[in-house]
A.B. asks: 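Would you mind keeping the following structure in view while I ask a few things?
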Amino acid sequence: MYPRVLPAASLRASLVVAALLCWMSAGSELRVLVRLNDGQITQEVLEADSERDIITLEFKQADGALITFLADFKRHVKILRALVLGEPERGQTQYQALCFITRLEHGEIIPSEAMVRLRQKNPHVVRTAEEKNGIERMNLNVAVNLTLSWHLSSHIRNVCQDARDIIYTREQDMKHWLEKGVEGSIFEVLSQRLEAPGLQGCSSTADQWQPCLCSYTLRLEWYPCMLKFCRGHGPSPYKCGIKSCSKGYRFDFYMPHKQLCMWDEDS
């Protein structure tokens, strides 16, 4: 297949604007070097599947935690998973899996059919996002049943299987999905546990086997959040690149034991 030939003026504009990415019909994976907030460099792997209408993003944080983001455009569901390295000398397993599920808003990330057309032009260049957003804080007070999670999204089981019982969402998102006809049995509201007398933040809880309120913060340091359009001699603009964004998340949620939330003890 031969690449589409642009008019001369359009081609010049495209070369200027699409310094990172160009459009093509093949290729569904990007490997991008990204500078983290602390200055360290990591490699992000971004994959798209236009048939299943999903985008995944995966990278390793400076502390070794593996972060996975999945956008399910068909079901308007966003999945964020963290595999946090454990401390065996403190009785922890090799890693602790956490899974957070929220509603995917329109325009949060470029569509999957656009993502499959992107390729890396300068793979050795370290990228920083054009638009850096703050931290969105989420109170996750609803547990999601992994076995029944296919009612919400078929991708939850694959991404979150290691998290077992630590799969959470927000009550406001649960209500939205229930209104859309999602099976209610997959959700369990944790109000009684969260309102239990004496329940404290994990950082303030002395007994490692006591339940507590845990927090986890992560940042998607670089992702394609918007399409760019250029104008040539024709009446309509054409796609000529992407805008990159960065966004942080802080998740507050119930933990059955402080032992499962050791990273929060010094926060």
Side-chain angles (χ1 to χ4, degrees), residues 13-14 17-25 27-30 32 34 37 44-59 67-82 99-120 127-140 144 152-156 159 168-182 217-231 235-251:
S14 179
V17 177
L20 170 63
L21 304 166
C22 71
W23 292 86
M24 60 184 302
S25 59
S28 61
E29 180 181 284
L30 281 177
V32 182
V34 177
N37 197 42
E44 286 188 4
V45 178
L46 299 97
E47 296 181 283
D49 186 327
S50 57
E51 291 187 0
R52 294 192 296 166
D53 205 8
I54 62 171
I55 290 176
T56 59
L57 182 159
E58 193 164 78
F59 68 98
I67 305 299
T68 302
F69 167 91
L70 186 144
D72 180 350
F73 294 94
K74 286 184 178 180
R75 304 304 298 269
H76 304 288
V77 169
K78 177 171 58 183
I79 306 170
L80 278 159
R81 183 194 66 185
C99 228
F100 310 113
I101 302 168
T102 59
R103 182 182 175 186
L104 179 67
E105 302 290 349
H106 177 72
E108 276 193 67
I109 190 169
I110 65 172
S112 62
E113 66 269 17
M115 183 71 189
V116 297
R117 297 180 177 181
L118 299 179
R119 71 173 174 87
Q120 174 70 280
R127 307 295 172 182
T128 55
E130 298 171 68
E131 179 178 308
K132 190 165 186 176
N133 299 302
I135 296 177
E136 181 180 3
R137 185 166 182 172
M138 298 186 183
N139 179 30
L140 305 176
V144 177
L152 180 58
S153 170
S154 61
H155 305 288
I156 295 174
V159 177
Y168 295 116
T169 188
R170 299 180 294 183
E171 191 166 1
Q172 67 198 68
D173 293 323
M174 177 194 70
K175 291 178 179 178
H176 168 78
W177 291 321
L178 290 177
E179 291 174 356
K180 296 296 183 180
V182 173
T217 301
L218 62 86
R219 173 170 286 276
L220 300 181
E221 205 62 64
W222 190 97
Y223 64 94
C225 56
M226 189 179 300
L227 298 175
K228 286 184 178 180
F229 292 85
C230 296
R231 287 194 173 274
S236 302
Y238 62 93
K239 300 169 185 175
C240 58
I242 57 97
K243 177 181 179 181
S244 58
C245 291
S246 170
K247 183 176 181 179
Y249 298 90
R250 171 172 167 166
F251 304 102

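Quick note: residue numbers are just sequence positions, from 1.
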A.B. asks: With no hydrogens and no angle check, is any side-chain donor or acceptor of E58 less than 3.5 Å from a backbone partner on T68?
C.D. replies: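 No, the answer is negative, given that no donor and acceptor are paired below the 3.5 Å cut-off.
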A.B. asks: Residues two or more places apart in sequence or in another chain: which of them pass salt bridge (Lys or Arg N to Asp or Glu O under 4.0 Å) with R103?
C.D. replies: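 With neighbours one apart ignored, the set is empty.
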A.B. asks: Is the number of heavy atoms from other residues, nucleotides or ligands within 6.0 Å of CD (E105) greater than 12?
C.D. replies: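 It does: E105 CD has more than 12 such atoms within range.
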A.B. asks: Salt bridge check: are E136 and R170 linked by an N-O gap of less than 4.0 Å?
C.D. replies: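 A salt bridge links E136 with R170.
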A.B. asks: How would you list, by chain and number, every residue that makes a salt bridge (Lys or Arg N to Asp or Glu O under 4.0 Å) with R75, sequence neighbours excluded?
C.D. replies: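 Testing R75 for salt bridge (Lys or Arg N to Asp or Glu O under 4.0 Å), a comparison that skips the adjacent residues, returns none.
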A.B. asks: Once you round to the nearest 0.5 Å, how far does CZ of R127 lie from CD of E44?
C.D. replies: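 Result: 12.0 Å between the selected atoms.
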A.B. asks: Applying side-chain contact (heavy atoms from CB on, under 4.5 Å) to N37 and K132, what does each step give before you reach the verdict?
C.D. replies: CA-CA 11 Å; N37 197 42; K132 190 165 186 176; 2.7 Å; yes
A.B. asks: With sequence neighbours excluded, what pairs up with K243 under the side-chain hydrogen bond (donor to acceptor under 3.5 Å, both in side chains) test?
C.D. replies: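 side-chain hydrogen bond (donor to acceptor under 3.5 Å, both in side chains) list for K243, sorted by chain: E131.
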A.B. asks: Name all residues meeting the side-chain hydrogen bond (donor to acceptor under 3.5 Å, both in side chains) criterion together with T102; count only those two or more places apart in sequence or in a different chain, and write none if there are none.
C.D. replies: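 Counting only residues at least two positions away or on another chain, T102 forms no side-chain hydrogen bond (donor to acceptor under 3.5 Å, both in side chains).
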A.B. asks: Within this structure, what is the SG-CZ distance for the pair C99 and F251, rounded to the nearest 0.5 Å?
C.D. replies: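 Result: 10.0 Å between the selected atoms.
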A.B. asks: Can you tell if the side chain of I79 reaches within under 4.5 Å of the side chain of I156, non-hydrogen atoms only?
C.D. replies: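 Heavy-atom side-chain distance check passes, below 4.5 Å.
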A.B. asks: Might you point out which heavy atoms bring D72 and S153 nearest each other, and give the distance in Å?
C.D. replies: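 Smallest heavy-atom distance, with atoms named: OD2-OG, 2.7 Å.
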A.B. asks: In the structure I gave you, are the side-chain heavy atoms of V34 and F59 within less than 4.5 Å of one another anywhere?
C.D. replies: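 No. Closest side-chain heavy atoms not under 4.5 Å.
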A.B. asks: Hey, does M115 have a side-chain heavy atom less than 4.5 Å from the side chain of L30?
C.D. replies: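 Yes, at least one pair of side-chain atoms sits under 4.5 Å.
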A.B. asks: State the OG1-CZ distance between T217 and R137, to the nearest 0.5 angstrom.
C.D. replies: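 Reported to 0.5 Å precision, the distance equals 8.5 Å.
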A.B. asks: C245 and N133: which non-hydrogen atoms are nearest, and at how many Å?
C.D. replies: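 Looks like CB-ND2, 4.3 Å.
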A.B. asks: Quick one: does W177's side chain get under 4.5 Å of V77's, heavy atoms only?
C.D. replies: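 Sidechains of V77 and W177: in contact.
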A.B. asks: With a 4.5 Å limit on heavy-atom distance, are the side chains of M138 and Y168 in contact?
C.D. replies: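 Side-chain contact under 4.5 Å: no.
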A.B. asks: Tell me every residue that passes side-chain hydrogen bond (donor to acceptor under 3.5 Å, both in side chains) with S112, counting only those two or more places apart in sequence or in another chain.
C.D. replies: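 Partners of S112 by the side-chain hydrogen bond (donor to acceptor under 3.5 Å, both in side chains) criterion, ordered by chain and then number, come out as D53.
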A.B. asks: How many angstroms lie between CZ in F69 and OG1 in T56, if you round to the nearest 0.5 Å?
C.D. replies: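 Going from CZ on F69 over to OG1 on T56, the span is 9.5 Å.
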A.B. asks: Could you list the residues that satisfy side-chain hydrogen bond (donor to acceptor under 3.5 Å, both in side chains) with R52, not counting sequence neighbours?
C.D. replies: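 R52: side-chain hydrogen bond (donor to acceptor under 3.5 Å, both in side chains) contacts with D49.
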A.B. asks: What are the two closest non-hydrogen atoms of D173 and T169, and how far apart are they?
C.D. replies: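 Closest heavy-atom pair between D173 and T169: CB-OG1, 3.8 Å.
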A.B. asks: Could you give the distance from CG (L57) to CG (L46), rounded to the nearest 0.5 Å?
C.D. replies: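 Going from CG on L57 over to CG on L46, the span is 4.0 Å.
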A.B. asks: Working to the nearest 0.5 angstrom, can you tell me the gap between I67 CD1 and E221 CD?
C.D. replies: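 Between I67 CD1 and E221 CD, I get 12.0 Å after rounding to 0.5 Å.
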A.B. asks: Between R219 and S246, is any pair of side-chain heavy atoms under 4.5 Å apart?
C.D. replies: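 Side-chain contact under 4.5 Å: yes.
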